[in-house]
Structures are given as structure tokens and as C-alpha cells.
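Being a predicted model, the structure only gives us computed values, none of them experimental.
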Amino acid sequence: MKGLVDYDSCSSDEETDLLLKKRPAPKENAIESAVEKKRYQTSGPFLTSLPPLPAVFQGRTTKGQGQHGIDSWATRVYAKISVDATMQKILDHLQNKDITTCVREQSLHISLSRCISLRQYQLDDFVVGLREDIGRHKRFSLSFAQISVLRSDTSDASFVTAEVGAGYNELLACMSAVDKAASRLRQPEFYKPPRFHASLVRANSLDLLQQAKESLPVPWIEELRAVSMNITRLYVSMGHTIEKSISLTG
């Protein structure tokens, strides 16, 4: 068996002493170099320092809710809403010079899930589960029934919204499939009872938004109720850059 130092089996203590006497004393710089080298090298299973994580394991850092962090992907399920001439007219009115602090939402959509936090390895399973369940639902049309002012669940902002009338039951069926997929990953379900809506503008002042809503001409709201929009697919956003679509059956 080899020990920490190899030596000839026939060598004696006397011969070892003679060899040590003939060796030159190590220089001071060499001793320091050896100590410095030992500081960064290991000869066993214990590491003195860890290498940086590869990029594939670093995940994403998302802004917003406190539970999101490294390898935490903010995930949402929603239906996209097209902006026709009537909706554009309402949006332009809500953002006129008398309502300067209202901010238009970047895109119009109807949420079917909360913003949930998933790990990277869960993303594909979540989408696959949605496609299996939601893919069985047929395409449908919806329309808006009224303009309302709603407050966010965190109470840090309020919105002027268009609430869904026709198509509510179809959205409810799709929401149930989303809840099922979220529950499998121990994520929260959507709000009960749901008020499906598209957020048009937001502001911190509830009174300001109420005034904006009341300033809308009644005939425009009647026009909006008559507009029917076809929903042929739903969307899943994950993080800031990934969006996948789920087609409904024809």
C-alpha cells in the first residue's frame, strides 16, 4: 500500500537523514508560492471555493411580486383581444388631455390565471397539461357587456375595464382547465367568482378612473356591446420573452 510519501522499502532512517542533509533549503518565495497554490487547490472531496453556476441553471430574475427570483418564471394564461374602431375610440377618449395620469395597458387581454411562479423544469409540463385539457374546448366568440372600475388584488392600482358578457361560460370552462394545470404544480387557482375583463387604462387614483368611466358617451358603450370577437387560441407567457399559444378546436 502507498502512503502519503513514497519511499524505497530497503531505505533506512540513516539514509533518509543523509538525503535530507544534502537538499538545499527552499527559498522563501518558493514557500510562499506553495502556500498560495495550496490555498486554491484541494486534494480531497472538500472544495474551498465553488465555481459559478452555468447559465442554464441560473434561471431568470423577474420583477414584481416578492416570491419571484432566481429560476422563478412569472407565468400567465390569457386570451388576446383585438382592438377595433369602437375600442380604439374608447381608448383614445380615456387618454385625452384631461386624464393625463391614466396609462394605457400595453396589450389588451383577458386573464384566465393568476400570475404564478414556476421553475424552469415545470414550464413544459404546464404547457403540455394545458394543451391536453384546453385543446378539447371549441372556439367561441365573446363580447363586452359593461365598462367598470376594478381595483387590483394588491390595491396598488385601479383599472377602467371592459367586462365580458357573451362568452363568459366558455371562458369559465377554459379557466377550470387552467386551474387544474396550476393545481397539479401546487399553484393558486384563479379568483372566485371570476370577473373576466380586459384592462383598458390604469391609475393610482380611483376617483380619477371613475370620472374617466363616467365621461364615456353612452352610445359608444352600446356600440362596444355589439362587437363580437372570435377566440381561437389562448396564450401562455413565461418570463419576459417566452409566449406559447394553445389552439382551440374548430
Any chance you could lay out the side-chain contact (heavy atoms from CB on, under 4.5 Å) test for Met87 and Leu108, step after step, and finish with the verdict? CA-CA 10 Å; Met87 180 64 79; Leu108 296 187; 3.8 Å; yes
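- In this structure, Lys80 is positioned above the aromatic face of Tyr235, its NZ or CZ under 6.0 Å from the six-membered ring centre and within 45° of the axis.
- For the pair Trp73/Arg119, no side-chain contact is recorded, criterion being any heavy-atom separation below 4.5 Å from C-beta on.
- How far CZ of Phe196 is from CG of Leu112: 6.0 Å, rounded to the nearest 0.5 Å.
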Test Asp84 against Gln88 for side-chain hydrogen bond (donor to acceptor under 3.5 Å, both in side chains), laying out the working first. CA-CA 6 Å; Asp84 68 335; Gln88 188 62 59; over 6 Å; no
Step by step, work out the side-chain contact (heavy atoms from CB on, under 4.5 Å) result for Met175 and Leu172. CA-CA 5 Å; Met175 184 208 74; Leu172 188 63; 3.7 Å; yes
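- At distances below 3.5 Å, not a single donor-acceptor pair connects side-chain atoms of Arg114 with backbone N or O atoms of Phe190.
- With Ser113 as reference, Val178 is the one residue of Val178, Thr75, Val236 to meet the side-chain contact (heavy atoms from CB on, under 4.5 Å) rule.
- Side-chain atoms of Ser152 come within 3.5 Å of backbone N or O of Ala157 as a donor-acceptor pair.
- The two atoms that bring Leu206 and Ser158 nearest to each other are CD1-OG, 3.3 Å, heavy atoms only.
- Annotation: side chain to side chain donor-acceptor pair (under 3.5 Å) contacts involving residues 184-197, sequence neighbours excluded, comprise Asp153-Tyr191, Glu163-Arg195, Asp179-Lys192, Ser183-Glu189, Glu189-Lys192.
- Note on Leu216 and Leu150: separate hydrophobic clusters, where clusters join Ile, Leu, Val, Met, Phe, Trp and Tyr whose side-chain heavy atoms are under 4.5 Å apart, directly or indirectly.
- Without hydrogens or angle criteria, His93 side chain to Ser215 main chain gives a donor-acceptor distance under 3.5 Å.
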Decide side-chain hydrogen bond (donor to acceptor under 3.5 Å, both in side chains) for Ser199 and Thr161; before the verdict, give the C-alpha distance in whole Å, the side-chain angles of both, and the deciding distance to 0.1 Å. CA-CA 4 Å; Ser199 296; Thr161 69; over 6 Å; no
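- Listed for the Thr249 side chain is a donor-acceptor partner under 3.5 Å among the backbone atoms of His137.
- Proximity of a side-chain donor or acceptor of Glu132 to a complementary backbone N or O of Gly129 within less than 3.5 Å is not detected.
- Arg139 meets the side chain to side chain donor-acceptor pair (under 3.5 Å) test with no other residue; sequence neighbours excluded.
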Mind running side-chain contact (heavy atoms from CB on, under 4.5 Å) on Ile81 and Phe144 for me, showing each step along the way? CA-CA 11 Å; Ile81 299 301; Phe144 295 110; 4.2 Å; yes
